[in-house]
Amino acid sequence: MSVEDREGFDTDDAVNLRRKLDKLAKINAVLMDRVERSMDQQGNAFSLFQTAIGLDAKVRSRTEELTAVLRRLECSNEALVVAKEEAERANLSKTRFLAAASHDLLQPLNAARLSISVLSDMQGDDDARHLAGQVDQSLQTIEDLIKTLLDISKLDAGVVTPEFQSFPLDSVLSVLEASFAPQAAAKGLKFRIRRSNVLARSDPLLLQRVLQNLVSNAVRYTAKGGVLVGARRRGGDCVIDVVDTGCGISECERETMFEEFYRGAAAAGSAHTGLGLGLSIVQRTVQALGHRLDVKSIPGKGATFRLAVACDGLAPAKGPRPVPELARVEITRGAAVVLIENDEQVREATVRLLNNWQCRTLAASQLSALAPLLAGLGRAPDIILADYHLDDGGIGLDAVKALRDRFGPAIPAVVVTGDRSPSVAAEVAAAKCELLHKPTKPAELRALMTHLLGAFSTARA
C-alpha cells in the first residue's frame with residue numbers, strides 16, 4: 001500500500017472513529033442523564049416516604065392530643081352539668097326552706113298583729129294606743145321583709161311562672177285604691193285612680209304585685225301633693241302610669257335603684273324609708289312577665305313609672321253598682337263565724353278579734369271538732385274563715401266544701417294563708433272563696449267580711 005493510500009485510510013478511519021466516539025459520548029450522556037434522573041426520582045420517593053412517615057407520626061400525636069382534650073372537655077362538661085344540677089337543687093332547696101321558714105315566721109307574726117289590734121281597741125289612753133300602733137308598725141316592717149325576701153328567692157330560683165290571661169285592668173286598680181287610699185289620706189296626700197275599661201293580658205297577681213310596690217314607694221316618699229295611678233290604651237298596649245310629687249330620683253341613681261337594699265340619697269332623709277327591696281322585685285317581676293318599664297324623674301319634683309302591658313281590647317261597660325242599705329250598719333255584729341285554724345296562737349288571737357267585733361265565733365283546729373259547736377248554733381253559719389294549710393296534710397278548702405255541702409253553696413268563705421303562690425290563689429278562686437294573706441290585717445279582714453256578709457244577706461233577702 002502506497003503512502004498516499006495509507007494516509008487516506010488513516011484519515012477515513014479517524015473521521016469514522018470520531019463519529020463513533022461522538023455518538024458514544026451522546027449515548028453515554030443520555031444514559032447518564034437517565035441514571036441521574038432515576039437516582040433523583042428514587043431519592044425524591046425516599047424523601048417523600050420519610051416525610052409521609054413523619055407526617056403520620058405527627059398526625060397520630062395530634063390526634064391523641066385532640067382526643068385527650070376532647071375527653072377532658074367531656075369530663076369538664078359532665079362536671080359542669082353536675083355542678084349546675086347541684087346549684088339548681090340548692091337554689092330550690094333554699095326557696096323551699098325560705099317558704100317553710102316564712103310560713104313558720106308569719107304564723108306568730110299573724111297572731112301578734114291580731115292581738116295588737118285587739119289590745120289597741122281595748123285602750124282608752126291615747127298614749128297606749130300610740131304605743132300599740134308603733135308595735136304594729138314594727139311588725140309590719142318584719143312582715144314586709146319576710147315577704148320580700150321570699151319573693152326575691154322565688155324569682156331568682158325561676159320557680160315563678162306567669163299565668164297569662166285576659167282580665168279587666170280596673171279589677172287591679174280597685175285593689176290599689178282600697179289598699180293605698182287610706183294611707184295617702186293619713187299623710188294628707190291626694191290619691192287618685194284614673195280608670196280605664198281595657199282588658200290587659202298579663203298575670204293579674206304578679207301585675208298587682210308590681211303596681212303595689214310602685215304605689216307603695218310613691219306614697220312612702222311623697223311628703224306633699226299626691227299620687228296618681230292612670231291607665232290608657234296606646235296602640236296594642238295598655239300603658240299604666242304611677243305618678244307622684246315626691247323626692248324624685250337623680251340621674252346617677254337610675255342604674256342602681258333596682259339593686260337590692262338600695263335607697264337613694266333623697267329617700268334616705270324620709271321618715272318612712274323602706275327596705276330598698278321593692279324596686280328590685282319590680283324589675284325581676286317585670287322581666288318574668290316580659291313587660292316594659294320606663295322611669296322619668298326630676299329630683300325634688302317627683303317621678304313617673306310607666307309600665308306597658310299587652311292589651312286585649314276593651315272590657316264591657318258596667319253600670320253603677322248599688323250600695324245596699326245593709327252596708328250602712330255594723331253587719332259583723334252577731335254574725336255566726338266558723339273559724340278553722342290549726343295554729344293555737346293565731347286561732348286564739350282571731351277569736352279575740354272576732355269577739356271584739358261582737359261576732360258569734362265557732363272556732364276549732366279541724367272540721368271534725370266543730371260538730372258540737374254547729375249543733376249548738378242550730379242554724380247555718382253566716383261566714384267561714386279557714387286556714388289553707390291544716391294538720392295532717394288537710395286544706396281549708398276541703399272544710400269549706402264540706403260546710404257548703406251541709407248548709408248551702410252560697411255561704412261566703414275566706415281562705416287565709418301565708419302561701420303566696422299563684423297555684424294556691426287559682427285554687428281558692430276556683431272554689432269561689434276569697435283569699436287573704438297572712439299576716440292578716442284586721443281592718444282588711446273586717447272590710448272583706450262586711451262586704452261578703454252584706455252581699456250574702458242581700459242575696460238571701
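What you see is a predicted model, and the numbers here were worked out from it, not measured in a lab.
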Report task. For residues 230-242, pull every pair meeting side-chain hydrogen bond (donor to acceptor under 3.5 Å, both in side chains), keeping only residues two or more places apart or in separate chains. Result ->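 For residues 230-242: Arg232-Asp241, Asp241-Arg306.
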
Requested in this report: If a pair satisfies side-chain hydrogen bond (donor to acceptor under 3.5 Å, both in side chains) and one of its residues is in residues 401-412, list it, with sequence neighbours excluded.
Outcome: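 Of all non-adjacent pairs touching residues 401-412, those that pass side-chain hydrogen bond (donor to acceptor under 3.5 Å, both in side chains) are Lys401-Asp405.
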
Query raised in the report: Could you give the distance from OG (Ser297) to CD1 (Ile249), rounded to the nearest 0.5 Å?
Result: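 With rounding to 0.5 Å, OG (Ser297) is 5.0 Å from CD1 (Ile249).
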
Query raised in the report: Which value, rounded to the nearest 0.5 Å, describes the distance between Lys301 atom NZ and Asp244 atom CG?
Result: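 It comes to 14.0 Å.
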
Check [X] against [Y] and note the closest heavy-atom contact, atom names and distance.
X	Y	value
Asp203	Phe167	C-CE2, 4.4 Å
Leu176	Val215	CD1-CG2, 4.4 Å
Leu370	Ile340	CD1-CG1, 3.7 Å

State, with a plain yes or no, whether a side-chain heavy atom of [X] is found less than 4.5 Å away from one of [Y].
X	Y	value
Val309	Val198	no
Asn217	Arg220	yes
Leu390	Gln366	no
Val229	Phe180	no
Asp382	Arg360	no
Val416	Leu445	no
Leu403	Ile411	no
Glu341	Thr350	no

Report task. With sequence neighbours left out, write down each residue that passes side-chain hydrogen bond (donor to acceptor under 3.5 Å, both in side chains) with Ser196, or none if nothing qualifies. Result ->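 Here no residue qualifies.
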
**Report entry** Residue list, salt bridge (Lys or Arg N to Asp or Glu O under 4.0 Å) with Lys190, at least two apart or on another chain
**Finding:**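 Once residues adjacent in sequence are excluded, Lys190 has no partner under the salt bridge (Lys or Arg N to Asp or Glu O under 4.0 Å) criterion.
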
Report task. Please list, chain by chain and in numerical order, all residues satisfying salt bridge (Lys or Arg N to Asp or Glu O under 4.0 Å) with Arg194, sequence neighbours excluded. Result ->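 Residues passing salt bridge (Lys or Arg N to Asp or Glu O under 4.0 Å) with Arg194: none at all.
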
Requested in this report: Kindly indicate, with the supporting measurements, whether the criterion side chain to side chain contact (heavy atoms under 4.5 Å, CB included) is fulfilled by Lys224 and Thr245.
Outcome: CA-CA 7 Å; Lys224 60 181 180 178; Thr245 57; 5.8 Å; no

Query - Test: Arg292 and Asp294 ion pair at under 4.0 Å - result: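 Yes, this pair counts.
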
Listing request: all salt bridge (Lys or Arg N to Asp or Glu O under 4.0 Å) pairs with a residue in [range], at least two apart in sequence or in separate chains.
range	value
residues 170-186	Glu177-Arg195
residues 342-354	none
residues 390-400	none

**Report entry** Name of the residue among Val239, Leu211, Leu289 meeting side chain to side chain contact (heavy atoms under 4.5 Å, CB included) with Leu307
**Finding:**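 With Leu307 as partner, side chain to side chain contact (heavy atoms under 4.5 Å, CB included) holds for just one option, Leu211.
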
Requested in this report: With side chain to side chain contact (heavy atoms under 4.5 Å, CB included) as the test, would you mind laying out the steps for Phe305 and Leu279 before giving the verdict?
Outcome: CA-CA 11 Å; Phe305 286 80; Leu279 289 181; 4.0 Å; yes

**Report entry** side chain to side chain contact (heavy atoms under 4.5 Å, CB included) assessment of Gln287 paired with Gln283
**Finding:** CA-CA 6 Å; Gln287 289 175 348; Gln283 185 185 49; 3.8 Å; yes

Expected list for residues 422-436: side-chain donor-acceptor pairs under 3.5 angstrom, two or more places apart:
from, atom 1, to, atom 2, distance (Å)
Ser423, OG, Ser421, OG, 3.3
Glu427, OE1, Tyr388, OH, 2.7

List the residues meeting side-chain contact (heavy atoms from CB on, under 4.5 Å) with [X], not counting sequence neighbours, and say none if there are none.
X	result
Arg72	Ala68, Val69
Pro442	Leu114, Ser117, Leu353, Trp357
Thr67	Thr63, Arg71

Query - Chi angles and distances behind the side chain to side chain contact (heavy atoms under 4.5 Å, CB included) call for Val210, His291 - result: CA-CA 11 Å; Val210 168; His291 298 333; over 6 Å; no

